[in-house]
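Comments concern the structure below.
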Amino acid sequence: MALPGQNAPDRAVDPSDPVPDRIHARPVPRPGRWISAVVLLVLAAMAVHGLVTNEKFRWDVVWLYLRDVNVVRGVGWTLLLTFGSMVIAIVLAVGLAVMRRSDNPVMKSVSWTYIWFFRGTPIYTQLVFWGLLAVLYPRLSLGVPFGPEFFEFRTQDVITAFWAALFGLALNEAAYLAEIVRAGLGSVDPGQSEAARALGMKDRKILTRIVLPQAMRVIVPPTGNETISMLKTTSLVLAVPFTLDLTYATNAIGNRTFLPIPLLMVAAFWYLLITSILMVGQYYIERYYGRGFGDQSSGPRRRKGGPGGRRRGKPSRQDLIAASGTTKDDPFLEVTP
Amino acid sequence: MSGTTDTEPMVQVEGLHKMFGDLHVLKGVDLEVPRGSVCVVLGPSGSGKSTLLRCVNELEEITGGRIRVDGELMGYREVTKNGRTVLHRLHPKVVARQRARIGMVFQRFNLFPHMTALENVMEAPVQVLGVPKAQARTRAAELLERVGLADRAGHYPAQLSGGQQQRVAIARALAMDPELMLFDEPTSALDPELVGEVLSVMRDLARSGMTMMVVTHEIGFAREVADAVVFMDEGVIVEEGPPEQVLGDPQHERTKSFLAHVL
């Protein structure tokens, strides 16, 4: 079987190699991988063929409406709803999670009740309700219950369809995110807040400087998941009704032109594209919050003019061991308690 | 602050009791640590020595007794009304200020893993004392140099050995210019060959005149550095005195048997 040039004596020995008899073994043959790859490629080609050549998909229409003004505007509104509601929800969720963990019984029960209600009722119903708010309560006023009113306004002037959709999505999402944040806060070693307390830090500082940044490592992946899920939940805002988002825009065109399928493809394409971009963003956010947690890809931080830092081009021993991926990501690796 | 004099002890513990639910961990501890002295607390596990240290720093709420650091009652305010003294719990802000004057080093280091060594040391001065960042950075670099880690300033804790992490933790505590340092088994989580580097930093610190309370099993360190050795068992102080007395000529059976096991 031996091919010329592959026999050990023929191989040139690199005199600078510190390993005298370096092993150049052939890998274990994995024919199954090649076979399965080929089978899958054939199946994929069949699927693509089935999509491209099927005239019912009307790719010309898809291509036309992909760049349609109303569709692109719908993408804009969908993005605005997604990010707007997620930002509001994250702020609310951190508050709710902190309240849930506090030893103040009032805060605890407020948080519990909020999560119970908003997680326990369907988002569709909630959106319908926010849309109907102006009907249920035509005038909103601020004042003492059963007493004087300080000011009042007409509900429909303030809570337009957009704001109802935005807050409807945000209030619902906050309940889910609160549980994610709570799990994240709970994942941080209690020794961390203890050390911060021993240094004289106050609770708020301990939360924002020490616990939350470490909890982010646990919070970010499911929050990315929730963001992607939110992107598509925005299609429910027609319940409000808010009628400018991507799904409504494409459905409207589809119904008008009697071509629903190509327009569904248009919507699917845009959702998929945005999701892909979100996944890239999530990767970088995860990497940022993973710093110092055995993820050595970023290496020790070098500060200009500051002392220390790694010598250029010479990774530390620990970096190399960690990069090999054969050890656990445990900061207490050298510890034998 | 109350009027303090140089002769007043740095730490005064009177009749300290601590219960965790029904578990009576400290059963009346009285202890004085003079200024600038090193007090080593020995004892078998479960004897309450770590709890004692944590009570001094108010990490545990005490059940009975009084703890004074630098003459100041920790955690409470005494209010005398109609001849009766009532204790009022101090606001968390005030407690935080009291803690800021006491440095603490933990068995498991508890460095902030998302910050570099330098950032760990800078954190409390900037966030608690409001020291400008540039100034805190310079000081942090000095402290890291003092513990022999100037070249590790940019490393994250996960990239440091246990001994290096513990030395960063000591530098972090020193950054607050504490008047008292508490060490809770600082070398118990270390590989044997890394213990020496941490003890040597602590020895230098003791020589510089820092008041220290050290819970440890390092008898050699106690013999060499301690001004007083306290032996605890089952929540009480069994024996205390200068190291040559407690370690060299223990009077109590329990001290003798403990030392026989450790040495």
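Every chain is numbered from 1 and lettered A, B, ... according to where its sequence line falls, protein lines coming before strand lines. As the structure is a prediction and not an experimental result, all values here were calculated from the model.
- Remark: B/R167 engages B/E197 in a salt bridge, criterion side-chain N to carboxylate O under 4.0 Å.
- Using a 4.5 Å cut-off between heavy atoms, B/F106 touches chain A through its side chain atoms alone.
- Across B/M176, B/E123, B/R97, B/Q98, the residue that shares the most heavy-atom pairs under 4.5 angstrom with chain A is B/E123.
- Stacking of B/R172 on the aromatic ring of B/F109 is not recorded, the 6.0 Å distance cut-off and the 45° axial limit not both being met.
- A cation-pi arrangement is present between B/R89 and B/Y76 under the rule of less than 6.0 angstrom and at most 45 degrees off the ring axis.
- Contacts between B/I102 and chain A at a heavy-atom distance below 4.5 Å involve the backbone alone (N, CA, C, O).
- For chain A, no part of B/E145 is nearby; none of its heavy atoms comes within less than 4.5 Å.
- Neither the backbone nor the side chain of B/L182 comes within contact range of chain A; no heavy atoms are under 4.5 Å apart.
- Per-residue counts of heavy-atom pairs under 4.5 Å with chain B were compared for A/Q214, A/R209, A/R217, A/K202; the largest is that of A/R209.
- Of all the listed residues (B/V128, B/V105, B/N57, B/V95), the one sharing the greatest number of non-hydrogen pairs under 4.5 Å with chain A is B/V128.
- At least one test fails for A/R287 against the ring of A/Y289: distance under 6.0 Å to the centre or angle within 45° of the axis.
- Between B/D70 and B/R101, at least one side-chain nitrogen of the basic residue sits less than 4.0 Å from a carboxylate oxygen of the acidic one, meeting the salt-bridge criterion.
- Only the side chain of B/R54 comes within contact range of chain A, with heavy atoms under 4.5 Å apart.
- Using a cut-off of 4.0 Å between Lys/Arg side-chain N and Asp/Glu carboxylate O, B/R139 and B/D177 are scored as salt-bridged.
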